[in-house]
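In the text below, chain A, chain B and the rest are named by the order of the sequence lines, each starting its count at 1.
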Amino acid sequence: MSFAELGLSPEILRAVDELGYSEATPIQAKAIPLVLSGRDLLAAAQTGTGKTAAFLLPILERLKKFANPSVSPAMHPVRALILSPTRELADQIGVNAKAYTKHLPLRCTTIYGGVNMDPQTADLRRGIEIVIATPGRLLDHIQQKTIQLNKVDVLVLDEADRMLDMGFIQDIRKIMSLLPKQRQTLLFSATFAPEIKRLAADFMHDPQTVEVARQNSTNAQVEQLVYAVDSGRKRALLSHLIREREMSQVIVFCKTKISADQLSRDLKRDGHAAEAIHGDKAQSARLETLNSFKSGEVKVLVATDVAARGLDISELPFVVNYEMPNSPEDYVHRIGRTGRAGASGVAISLMSPDEVKQHEAIEKLTRQTLPPQTVNGFERRDASSAADSGFGSRNAGRERSDARPAREPRAERAERSERPERSERPERSERPERSERPERTERAPRAPRDLRDAATRSREQRDPQEGLKVARVGEIGGRILPQRQREVPALLLPPRYKVNQER
DNA sequence: AAAAAAT
């Protein structure tokens, strides 16, 4: 179906056309008329199928009646509020909104933390119809009375299930309490757990549900592979796969900020153009890293789940789960960074013996079997004792050899001859990971390394109380917990890996 | 046992 048939105005159609789009995707064809009708909506569609335009375009159409070139701020109250779980995603939605409003006198801006507040305040003072924000900084503006939300007609929760989970729900409730009761509420995501839908019922009025394909389903354009491998050999296998599959670019997902930093350091040492992105990096570095990945300068983006959702990197061919995600929903989102807008992609997950549970949860959520395979030269050390290797009996006999045989020895020889200095060192890949080395337990524990970003460290240098503040307040991973997060959450969601949980 | 999000 074409966008013109969906009841959008010429100014919007022109912007859409200039961006090179003519046909609406299924989620857009279904959601746009419903959003135009003013109904509340819960919309589920796979990753990379155009959810952002599915809410932005009809919102612009609805706000068109307010389009006004006047410079009087009073003429431009916030009419639409779009919330995102990460700053980078907020930024991306903002870029889209800017492009779609090109021919309409509607103003939009992006509000998130980690950057100077003054330009945001100045924008808000001038008057803005459309605000795209992350919750923390938005609340900051609310507190400082630099934003008014009493004229908001439409609220969008992008990545809605994430916005409603325990880490965000308090902020979202607070923000919603400041919005008019009479408003439209739109929830978009590729994944919706049943408990999230129940929770959504609290604040939606007679919502319509739109589903394109089953919720939680992965994009069929993405080929999914699971390789069983000992954790100590993951890094060697990753290097091998990058070479073997000639990965021009890849996002490699890690579970923690520390392992992301560690892996990017190791990959750089191995000669890969790798950079890490995670929440402890300064926002300027996060943005710079993402941009140099998009430009192709960085080949391997080592990321935490900060990059799991929403980010649109055109023609990204590969995603690797270096560590299986804690929640199976995040698997769906992670691999959704590839295979976008009709393109194909490959997602490879490296599964160590202690990650069988996550693998099972992923199979269950996505209702597909992902038989673990092995790569030649990277088989488990002792395949005969599957019982005590940690790989559950469920997977015994399910593994098969990789359809594409590995040429590990030859590849390594070739690389060594190109870089003779490398052969001087012991074969790193043969060594178990640090955490597995037995001598580690006999040593006195080392002081934890300071992994906080430079800005935090220099703040502490200027103000010695800074560190004490952290110690007093209590912290997780070097971050001060905001007051409200230490209160008992109003709603506790069930654990993710509960066996027999109805999906 | 995690990450994210305000300073």
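- Spacing between atom NE2 of His278(A) and atom C1' of dA3(B) amounts to 11 Å, rounded to whole angstrom units.
- Side chain of Arg137(A), nearest nucleotide from dA5(B), dT7(B), dA4(B): dT7(B).
- Distances shown here put a side-chain N or O of Arg87(A) below 4.0 Å from the OP1 or OP2 atom of dA5(B).
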Query raised in the report: Going through the checks in order, is the side-chain contact (heavy atoms from CB on, under 4.5 Å) test met by Ile130(A) and Leu60(A)?
Result: CA-CA 9 Å; Ile130(A) 302 149; Leu60(A) 299 187; 3.5 Å; yes
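- Note on Asp140(A): a base of the nucleic acid sits closer than 4.0 angstrom, heavy atoms only.
- At dA1(B), none of the side-chain N or O atoms of Thr256(A) fall inside 4.0 Å of OP1 or OP2 (strictly under the cut-off).
- Listed pair Arg286(A) / dA5(B) meets the phosphate criterion, a side-chain N or O lying under 4.0 Å from OP1 or OP2.
- What separates CG of Asp354(A) from P of dA2(B) is a distance of 13 Å, to the nearest Å.
- OP1 or OP2 of dA4(B) has at least one side-chain nitrogen or oxygen of Thr304(A) nearer than 4.0 Å.
- Of the candidates dA6(B), dA5(B), dA4(B), the closest approach to any side-chain atom of Gln143(A) belongs to dA6(B).
- Counting to the nearest Å, the C1' atom of dA4(B) and the CD atom of Gln283(A) are 12 Å from each other.
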**Report entry** Chi angles and distances behind the side-chain contact (heavy atoms from CB on, under 4.5 Å) call for Ile175(A), Leu81(A)
**Finding:** CA-CA 10 Å; Ile175(A) 292 165; Leu81(A) 176 62; 3.9 Å; yes
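- The side chain of Lys357(A) places no N or O atom within less than 4.0 Å of a non-bridging phosphate oxygen (OP1 or OP2) of dA1(B).
- Separation of atoms CG (Leu186(A)) and CE (Met204(A)) is listed at 7.0 Å; rounding is to 0.5 Å.
- Atom CD1 of Ile362(A) and atom CD of Glu329(A) lie 10.0 Å apart (nearest 0.5 Å).
- Remark: C1' of dA4(B) and CZ of Phe253(A) are 14 Å apart, rounded to the nearest angstrom.
- At whole-Å resolution of the value, CG in Asp261(A) and C1' in dA3(B) are 14 Å apart.
- Protein atom CD1 of Ile172(A) is 11 Å distant from nucleotide atom P of dA6(B), rounded to whole Å.
- At whole-Å resolution of the value, CE in Met166(A) and C1' in dA2(B) are 12 Å apart.
- Here the straight-line distance linking atom CE of Met247(A) with atom NZ of Lys299(A) works out to 14.0 Å at 0.5 Å rounding.
- Rounded to whole Å, the distance from CD1 on Ile111(A) to P on dT7(B) is 12 Å.
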